[in-house]
2 protein chains.
Amino acid sequence: MVARSNRVTIHDVAKAAGVSVSTVSKALNDTGRMASETREKIKSIAAEAGFRPNALARSLLFNRSFTVGLLTNDTYGRFTLPLMSGISEALVDHGVSVFLCAIEDDPALAKVHVDAMLDKQVDGIIATGKRVDRSLPVDLAGLPVPVVYAFTEGVPGSVILTADDSDGARLAVERLRKVGRKRIVHVTGPDSFVSAVERADAFRQAVGPDALVMHGAWTEAWGHEAVAMLWGGDKPTPDGIFCGNDQIARGVVDALRERGVRVPEDVSIIGFDNWEIFADQTRPALTTVDMNLKELGRTAGLTILDLAEGRAVEAGLRKLPCKLVVRQSCGGDREI
Amino acid sequence: MVARSNRVTIHDVAKAAGVSVSTVSKALNDTGRMASETREKIKSIAAEAGFRPNALARSLLFNRSFTVGLLTNDTYGRFTLPLMSGISEALVDHGVSVFLCAIEDDPALAKVHVDAMLDKQVDGIIATGKRVDRSLPVDLAGLPVPVVYAFTEGVPGSVILTADDSDGARLAVERLRKVGRKRIVHVTGPDSFVSAVERADAFRQAVGPDALVMHGAWTEAWGHEAVAMLWGGDKPTPDGIFCGNDQIARGVVDALRERGVRVPEDVSIIGFDNWEIFADQTRPALTTVDMNLKELGRTAGLTILDLAEGRAVEAGLRKLPCKLVVRQSCGGDREI
DNA sequence: TCAACGTGAGAAAACGTTTTCTCATCATTT
DNA sequence: AAATGATGAGAAAACGTTTTCTCACGTTGA
């Protein structure tokens with residue numbers, strides 16, 4: 001047929017132990033009946049030979065590949081990597097490995113990857129992306145394996161996991177209040193993003209009816225611009241700014257410094273995302289909302305496992321809480 | 001044994017077509033002898049039934065899983081993601097999927113993942129990391145599958161792929177010269193990094209014996225600090241700065257702006273890494289050296305495939321050329 | 001008319017496991 | 001002494017493919 005490798009199989013162990021393969025299998029799996037002496041002998045011979053069962057053969061038998069696919073169009077990895085990390089962490093204990101497929105918004109490529117995963121009999125597929133209000137360029141409904149959507153739009157009736165944006169906004173406002181801020185504004189991304197809108201709504205709810213929300217791009221430049229607008233007029237300037245992401249926050253902090261406004265003494269800043277490369281490098285380092293993506297990944301992994309093993313899982317959208325990561329940009333970080 | 005799935009197998013097709021499984025197999029693979037009429041009929045029946053061969057079964061037979069493992073300790077994904085993207089792109093045409101395993105510098109975790117990959121009969125393993133002069137916390141020598149090291153330290157005698165740091169430095173200096181710069185300095189990371197040293201050496205080679213190289217941290221803060229040092233004394237200030245990464249470059253650009261020094265009119269800046277989130281967001285946007293990590297990934301993928309299929313591959317360190325990505329921070333970007 | 005040959009298609013083995021079933025042996029009970 | 005039961009271990013089937021071998025049948029040539 002084809003060149004055989006030299007890996008040691010259960011047959012080799014059987015031969016070495018002078019027993020049948022069935023006996024070896026039962027010995028190693030602690031099943032069946034046999035003299036405990038035989039069992040131990042076989043175990044030691046197998047260990048010595050470095051025998052490890054071929055997972056492919058077991059998969060074929062059990063119809064379980066102990067493999068899941070992670071499909072993403074987030075080429076940057078901004079959201080995918082923490083998620084992946086959580087998934088992997090949750091599943092490695094169960095002997096499950098993860099196929100990562102980056103599909104770059106290309107429907108044809110997506111289909112190729114999905115088919116390849118299906119052919120390899122993945123136990124399930126986790127779909128993720130870079131926005132919760134956009135779906136991947138491929139239809140995952142009606143697949144012969146379970147699907148979980150994490151941080152991306154999913155079809156109705158499916159399991160969808162996402163971060164609770166409202167919770168994140170509440171956390172931020174709560175903190176700003178706690179450090180004594182009264183005039184709080186929200187500088188965030190475009191209102192075409194559901195996330196931005198949800199946070200803005202929760203922000204208004206928490207701050208009050210006349211709360212100011214400024215929509216713009218998700219960029220540092222918009223942070224600068226927003227500061228120019230806020231400090232440029234003759235209205236009273238804010239003493240607390242909740243930013244829609246860490247890049248905007250970075251822009252805001254830099255712009256304030258250029259104006260001689262002190263952060264956090266004069267104004268408290270809170271970001272969103274906890275993208276460490278920004279949050280940590282900004283001076284002062286950003287206090288920011290963390291979406292707990294790793295935890296989200298862990299949940300996604302365990303959910304797909306439940307599904308794969310036939311346990312019932314409640315369908316629908318499930319929002320996981322955020323957490324606040326306290327650094328210096330908001331103040332109050334020493335009080336603890 | 002276990003719950004069977006309802007996937008359509010070759011047996012189902014055979015039954016539907018009223019022939020034997022061997023005939024179906026030969027029909028679909030265009031092998032063997034049979035009436036072309038039979039062949040076509042079987043093909044159409046298979047297509048209609050949506051038959052796709054179970055890759056697990058083929059793998060078992062061929063001793064090839066069409067699967068490779070990517071092992072990384074770069075949790076950030078700064079280097080791993082472009083690499084992964086290239087690997088995947090190169091291999092998807094060959095029906096090969098990629099297991100991604102993030103091992104976070106944990107030897108035990110690494111071993112677990114490697115064992116899991118081996119059990120699943122991966123055709124090869126690609127190791128990668130965050131530095132070319134550090135190795136992963138696991139010994140990959142003597143594995144029963146081929147290993148390729150990409151952007152991480154590998155054992156002697158193995159295949160090691162990395163970016164050509166010297167080439168990158170030469171590219172940068174060449175460009176600075178081309179836009180007319182005479183007093184060029186290099187602000188880079190710690191000299192404990194082989195990459196930093198290699199680039200520094202190539203820089204000196206290109207600029208001349210009295211070239212100034214400043215080692216510091218890989219941070220924006222160091223960029224600021226370096227500018228303070230360069231502009232703080234009474235020596236002539238440089239008119240071109242080659243930075244060791246984009247974060248330093250960002251710091252340098254910001255510090256210069258604060259001093260009223262114009263970029264690129266007065267001073268040309270070139271970064272390293274082409275980390276778009278920095279390079280693109282800096283004002284002016286950074287001209288920077290790109291290590292071609294995606295191409296490196298592609299090469300790594302094809303190499304592991306060669307190895308897996310028994311083709312000879314020359315062992316040793318192979319350095320792939322960099323490329324310069326021209327934006328605005330160096331000037332000369334309109335001349336083209 | 002008979003041998004040689006070509007053609008179409010199926011049977012069976014193989015890949016490496018696990019599990020069910022069967023069976024031989026030996027000890028215990030009547 | 002014969003029947004029963006417990007114990008230890010192996011044979012075989014199964015998972016879904018591919019490939020080699022075999023064979024029946026029909027055609028061609030002498």
Side-chain angles (χ1 to χ4, degrees), chain A residues 1-43 45-46 49-66 95 118-121 123 144, chain B residues 1-43 45-46 49-66 95 118-121 123 144:
Chain A
M1 204 133 304
V2 188
R4 300 277 99 219
S5 85
N6 48 358
R7 309 257 265 244
V8 23
T9 74
I10 199 172
H11 289 94
D12 301 326
V13 177
K15 199 168 291 176
V19 298
S20 72
V21 290
S22 1
T23 306
V24 175
S25 176
K26 285 181 292 187
L28 299 181
N29 293 304
D30 280 325
T31 60
R33 289 184 313 210
M34 88 187 42
S36 62
E37 183 185 305
T38 314
R39 200 182 287 277
E40 290 312 319
K41 186 180 132 209
I42 293 177
K43 279 187 177 177
I45 290 181
F51 169 72
R52 310 214 75 207
N54 183 328
L56 256 30
R58 312 185 64 170
S59 298
L60 192 56
L61 201 54
F62 292 145
N63 215 28
R64 264 300 297 282
S65 65
F66 293 92
L118 256 21
D119 289 352
K120 287 182 178 124
Q121 313 288 118
D123 298 333
Chain B
M1 206 132 306
V2 189
R4 300 277 100 218
S5 86
N6 48 358
R7 310 259 263 247
V8 23
T9 75
I10 199 172
H11 289 95
D12 301 327
V13 177
K15 198 167 291 175
V19 297
S20 71
V21 290
S22 2
T23 305
V24 175
S25 177
K26 286 183 290 189
L28 299 181
N29 293 304
D30 280 325
T31 60
R33 286 181 320 211
M34 89 189 39
S36 61
E37 182 186 305
T38 313
R39 199 182 288 277
E40 290 312 319
K41 184 179 134 211
I42 293 177
K43 279 186 178 178
I45 290 180
F51 169 72
R52 309 214 77 208
N54 182 327
L56 257 29
R58 313 184 63 169
S59 298
L60 191 57
L61 201 54
F62 292 144
N63 216 28
R64 263 302 296 283
S65 65
F66 293 91
L118 256 22
D119 288 351
K120 290 183 175 123
Q121 313 289 117
D123 298 333

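Lettering follows sequence order; numbering is per chain, from 1.
Rounded to whole angstrom, the span from the CG atom of B:Leu56 across to the C1' atom of D:dC15 amounts to 10 Å. The distance from atom CG of B:Asn29 to atom P of D:dT20 is 12 Å, rounded to the nearest whole Å. Rounded to an integer number of Å, the gap from A:Arg64 CZ to C:dT18 P is 15 Å. Rounding to whole angstrom units, CG of residue A:Leu28 and P of C:dT18 are separated by 8 Å. Atom NZ of A:Lys120 and atom P of D:dG16 are 19 Å apart (whole Å). Between the CG atom of B:Asn63 and the C1' atom of C:dG16 there is a distance of 10 Å, given to the nearest Å. The distance from atom CD of A:Gln121 to atom P of D:dC15 is 14 Å, rounded to the nearest whole Å. If you measure from atom CD1 of A:Ile10 to atom P of C:dG16, you get 11 Å, rounded to the nearest angstrom.
Applying the 3.5 Å distance criterion, the base of D:dA9 shares no donor-acceptor pair with the side chain of A:Ser20. For C:dG8, the base has no donor-acceptor partner in the side chain of B:Lys26 [N/O atoms by modelled type, under 3.5 angstrom].
Residue B:Ser25 places no side-chain N or O under 4.0 Å from the OP1 or OP2 atom of D:dT17. Between A:Thr23 and D:dG8, a side-chain N or O to OP1/OP2 separation shorter than 4.0 Å is absent. Applying the 4.0 Å criterion to OP1 and OP2 of D:dC15, one finds that B:Asn54 has every side-chain N and O outside that range.
The backbone N or O of B:Arg7 lies less than 3.5 Å from no partner atom in the side chain of B:Arg52, so there is not a single donor-acceptor pair. Proximity of a side-chain donor or acceptor of A:Lys120 to a complementary backbone N or O of B:Phe66 within less than 3.5 Å is detected.
Listed nucleotides C:dA9, D:dT17, C:dG16 differ in distance to A:Ala57; the shortest reach to its side chain belongs to C:dG16. Which of C:dT19, C:dA9, D:dT18 sits closest to the side chain of B:Ala35 comes down to C:dA9. Comparing C:dA12, D:dA12, D:dA9 by their closest approach to the side chain of A:Ser22 singles out D:dA12.
Results of the side-chain contact (heavy atoms from CB on, under 4.5 Å) test with B:Asn54 over A:Leu60, A:Asp119, A:Leu118 single out A:Leu60 as the only residue that passes.
Residue B:Thr31 is classed as having no contact, given no heavy-atom separation below 4.0 Å to the nucleic acid. B:Arg52 comes within contact range of the sugar-phosphate backbone alone, with a heavy-atom separation under 4.0 Å but no base atom that close.
Ion pairing between B:Lys43 and B:Asp30 holds under the 4.0 Å rule for side-chain N and carboxylate O.
Positionally, the nearest nucleotide of DNA chain C for A:His11 lies more toward the 5' end than for the other of A:Arg33 and A:His11. The 5' end of DNA chain D is approached more closely, in terms of each residue's nearest nucleotide, by A:Met34 than by the other of A:Val21 and A:Met34.
Residues A:Leu28 and A:Phe51 are in side-chain contact: their nearest non-hydrogen atoms beyond the backbone lie under 4.5 Å apart.
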